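The next block holds one structure in the form of C-alpha cells; read it before the comments.
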2 protein chains.
Amino acid sequence: MIQTDVSGLHQGSAMLDAPGADALTDRPAGFPAVDIRIALFSVENGALRVALVRHGSGYGLPRGVPRATVNLDAEARRILRDDTGHIDQYVEQLYTLGVDSERTWTVVISYLALVAPDGPGIDAGGCEWRLVAEPPLTEADQMVLDYALLRLRAKIGYTTIAFRLLPPMFTLRELQDAYEAILGHPVDKRNFRRRVAAAAPIEATGERRRDGSHRPAELYRYHGDRSTETYLTPPWAADAERG
Amino acid sequence: MIQTDVSGLHQGSAMLDAPGADALTDRPAGFPAVDIRIALFSVENGALRVALVRHGSGYGLPRGVPRATVNLDAEARRILRDDTGHIDQYVEQLYTLGVDSERTWTVVISYLALVAPDGPGIDAGGCEWRLVAEPPLTEADQMVLDYALLRLRAKIGYTTIAFRLLPPMFTLRELQDAYEAILGHPVDKRNFRRRVAAAAPIEATGERRRDGSHRPAELYRYHGDRSTETYLTPPWAADAERG
DNA sequence: GCAAAAGTGTTTGACATACACCCATGT
DNA sequence: ACATGGGTGTATGTCAAACACTTTTGC
C-alpha cells in the first residue's frame with residue numbers, strides 16, 4: 001500500500017503567489033487580520049456538496065473573524081452557525097496560510113466541517129450547497145477547499161468521521177453512498193460491510209425502512225465516542241490518494 | 001492494525017484553558033498578535049532532542065513574529081534560522097491555537113522542524129538541545145511540543161522524513177537508531193532493513209565506515225524527492241500511537 | 001412472475017511478524 | 001581466539017481483495 005503525503009500542502013509549493021506583495025508591507029509585522037474559513041461538506045443523495053455563502057458580488061466559503069478566545073475551534077463553530085445556520089457535527093482545523101487580499105495581509109485559519117443533511121432539503125441557513133467540482137472561487141478559497149477535500153478523502157479511510165455526515169439512523173447503503181461520494185469511486189459492498197461491522201461501533205436497530213418495490217433495508221445507529229474518532233478501513237482511500 | 005486519530009488535538013479537549021480570559025477582551029477581534037513557534041528536533045547519538053532558546057528568565061521553543069508575507073512556512077524557516085542558527089531539513093505546519101499570555105491574545109502557529117546533526121556537536125546557534133522528556137515549559141510550549149512529537153512519531157511510520165534527521169551519508173544502523181529514538185522502542189533489524197530497502201529510495205555507496213573492533217558498516221545515500229515524502233513502514237508507529 | 005435493491009461467504013494473495021546464525025574487523 | 005556490531009532468509013498468520021447468488025418486497 002502506497003500513500004502520498006496528505007500534508008503536502010504545507011511544503012509551500014502550493015502556496016499562494018503574492019500578486020500585490022508590496023501592499024503587504026503596509027501592516028505591521030505580527031498584527032495581520034485573522035480570519036477563519038471553513039469548508040463545510042454534506043452528502044445529499046449520493047453527491048458531495050460544499051456550503052457557499054454570498055460575499056458581496058459572488059459566493060465564497062463561510063468565514064468570519066474570531067473573537068479573542070483561546071479556543072479557535074469553538075470560534076469556528078460559532079462562525080459556521082452564524083454564517084450558514086448549520087450546527088456542525090464535526091470540525092477539524094486544517095492549516096493556516098497567509099493571504100494577500102484587498103491590500104490587506106490576512107492570516108487565514110482554515111477548517112473542515114461536516115453536517116448531516118437535516119430535514120427534506122439541506123438548505124436551512126442562508127447558504128447554497130454546490131457540487132464540489134463546480135464553483136469558481138477565489139484562489140484562497142479554492143486552496144482551502146482542495147485541501148479540505150484531500151484531508152476528508154484520506155481521513156474517511158481510517159476514522160469514523162463519515163458517520164458525521166449521516167442522520168442518527170441510517171442504512172448501510174446510505175453509509176456506502178457517502179463513502180463513494182467522497183472517494184469518487186465505487187467500493188465493494190461485501191467488503192465494505194465486513195469492515196464497517198468490524199471497525200465501527202454500530203448496532204442494528206431492528207427497524208427497517210421501506211422505500212421502493214424491493215426488500216427494505218435495516219436501520220443502524222452509530223455509537224461512537226465523539227472525542228475519539230476511531231480507526232476504520234484504510235485501503236479504499238489509497239486509490240483516492242494516489243490520484 | 002489500529003490507529004488512533006493523530007489530529008485529536010484539534011478536537012478542543014486538549015485546548016488551553018483561559019485562566020485570564022477577561023484580559024482577552026483588551027484587543028480588538030481579528031487583530032491578535034501572531035507568532036510562530038517551532039518544535040525543532042534532532043537525533044544525537046541515539047537520543048531525540050528538542051532545541052530550546054533563552055527567553056528572558058527561562059527557556060522555550062524557538063519563536064518569532066512573522067513578517068507580512070503570504071508564505072508562512074518560509075517565515076518559519078527564517079525565524080528558525082535567526083533564532084537557532086540551524087537550517088532546517090524539513091518544516092511542517094502543525095496547527096494554530098489561541099493563547100492568552102501576558103495579558104495579550106496571541107494566535108500561535110506551530111511548526112515541526114527537523115535538522116541533521118551538523119559537525120561534532122549539534123550546538124551551532126544560540127540554542128540548547130534538551131531531551132524531549134526533560135524540560136519544564138510553558139503550557140503553550142508544552143502543547144506544541146507534545147503535538148509535534150505525536151505527529152513526528154506517527155509520520156515517521158509512513159513517510160521518509162526520518163532521512164531529514166541524518167547526514168547525507170549514513171549507515172542503516174544510524175537510521176534505525178533514529179527510528180528507535182523517536183518511537184521509543186526497539187525494532188527488528190531484519191524487518192527494518194527489508195522495509196527500508198523496499199519503500200525508500202536509498203542506494204549503497206560502496207564506501208564503508210570503520211568505527212570499532214568489528215565489521216565496518218556500509219554507507220547509504222538517500223535519493224528522495226524533497227517535495228514528495230513517500231510511504232514507509234506503518235506498523236511500528238502503531239505502538240507509539242496507541243500510547 | 002418480474003424488477004430492484006438488500007443481504008451474505010469463500011478463496012487468494014500480499015504483507016507484517018517473529019526469529020537465529022554467519023561475517024568482518026580490532027585487539 | 002574472542003568480542004563486537006554488521007549483515008542476511010524463512011515460515012507463519014492476518015487481513016484486504018475479488019467475486020455471484022439468494023432474499024424480500026412492490027407492482
Side-chain angles (χ1 to χ4, degrees), chain A residues 1-3 45-46 156-158 166 169-180 183 185-200 202-220 230-242, chain B residues 1-3 45-46 156-158 166 169-180 183 185-200 202-220 230-242:
Chain A
M1 171 176 50
I2 298 289
Q3 299 180 315
N45 49 358
I156 206 174
Y158 56 94
L166 297 175
M169 287 182 38
F170 52 87
T171 68
L172 292 180
R173 167 50 68 181
E174 288 173 321
L175 181 61
Q176 187 176 339
D177 284 344
Y179 271 84
E180 292 180 341
L183 293 175
H185 63 80
V187 303
D188 180 87
K189 182 164 51 159
R190 282 169 294 188
N191 293 336
F192 180 79
R193 285 166 184 238
R194 181 180 19 252
R195 304 191 70 158
V196 168
I202 58 173
E203 60 169 18
T205 60
E207 297 178 60
R208 323 240 116 109
R209 176 185 296 160
R210 282 166 296 280
D211 73 330
S213 54
H214 53 79
R215 177 173 178 175
E218 176 97 42
L219 285 169
Y220 288 80
T230 53
Y231 173 76
L232 189 78
T233 91
W236 321 321
D239 296 326
E241 286 176 49
R242 274 197 273 273
Chain B
M1 168 180 48
I2 299 289
Q3 300 181 313
N45 52 356
I156 207 175
Y158 58 94
L166 297 175
M169 286 183 37
F170 52 88
T171 68
L172 292 181
R173 165 52 67 181
E174 289 173 320
L175 181 61
Q176 186 176 340
D177 284 344
Y179 271 84
E180 292 180 342
L183 294 175
H185 62 80
V187 303
D188 182 87
K189 181 163 53 160
R190 282 170 294 187
N191 293 334
F192 180 79
R193 285 165 185 238
R194 181 180 18 253
R195 304 193 69 160
V196 168
I202 58 172
E203 60 168 21
T205 60
E207 298 179 59
R208 323 241 119 112
R209 176 185 299 161
R210 280 167 297 280
D211 73 328
S213 54
H214 53 78
R215 179 173 175 174
E218 177 97 41
L219 286 169
Y220 288 81
T230 54
Y231 174 77
L232 189 78
T233 90
W236 321 319
D239 295 329
E241 286 177 49
R242 274 196 273 272

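All values reported here derive from a predicted model rather than from experimental measurement. We use all heavy atoms of the structure for the numbers below, so side chains are in, but hydrogens, waters and symmetry mates are not.
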*Would you kindly compare A:Ser213 and A:Arg190 by the position of their nearest DNA chain C nucleotide and give the one closer to the 5′ end?*
A:Ser213
*Rounded to the nearest angstrom, tell me the gap between atom CZ in B:Arg195 and atom P in D:dT8.*
18 Å
*What is the distance from CG of B:Asn191 to C1' of C:dA20, rounded to the nearest Å?*
13 Å
*Looking at side-chain heavy atoms only, is the closest gap between B:Arg215 and B:Arg208 below 4.5 Å?*
no
*Would you classify A:Arg193 as touching base, sugar-phosphate or nothing, given that sugar-phosphate means primed atoms plus P, OP1 and OP2, and contacts are heavy atoms under 4.0 Å?*
base
*Are any of the side-chain heavy atoms of B:Glu218 and B:Leu172 separated by less than 4.5 Å?*
no
*Between A:Glu218 and B:Lys189, just flag the one whose closest nucleotide in DNA chain C comes earlier from the 5' side.*
A:Glu218
*So do A:Glu174 and A:Arg209 actually touch side chain to side chain, heavy atoms under 4.5 Å?*
yes
*Round to the nearest Å and state the distance from B:His214 atom NE2 to C:dC23 atom C1'.*
13 Å
*Within the structure, does a side-chain N or O atom of A:Arg215 lie under 4.0 Å from either OP1 or OP2 of C:dA4?*
no
*Between atom CZ in B:Arg208 and atom P in D:dT4, what is the gap in whole Å?*
23 Å
*Nearest listed nucleotide, side chain of B:Arg194, among D:dG7, D:dG9, D:dG5*: D:dG9
*side-chain contact (heavy atoms from CB on, under 4.5 Å) between A:Ile202 and A:Leu175: does it pass, once the steps are laid out?*
CA-CA 11 Å; A:Ile202 58 173; A:Leu175 181 61; 5.6 Å; no
*Rounded to the nearest Å, what distance is computed from the OH atom of residue A:Tyr158 to the C1' atom of nucleotide D:dA16?*
19 Å
_Which residue in the set A:Arg193, A:Arg194, A:Arg195 passes side chain to side chain donor-acceptor pair (under 3.5 Å) when paired with A:Asn191?_
A:Arg194
*Let me know the distance between OH of A:Tyr179 and C1' of D:dA16, rounded to the nearest Å.*
15 Å
*Provide, to the nearest angstrom, the distance between the CG atom belonging to B:Asp188 and the C1' atom belonging to D:dT12.*
15 Å
*Any N or O donor-acceptor pair linking the side chain of A:Asp211 to the base of C:dA5 at under 3.5 Å?*
no
*Length of the line joining B:Leu172:CG and D:dG5:P, which is rounded to integer Å*: 17 Å
*Base, sugar-phosphate alone, or nothing: which one does B:Arg173 contact when heavy atoms must sit under 4.0 Å apart?*
sugar-phosphate
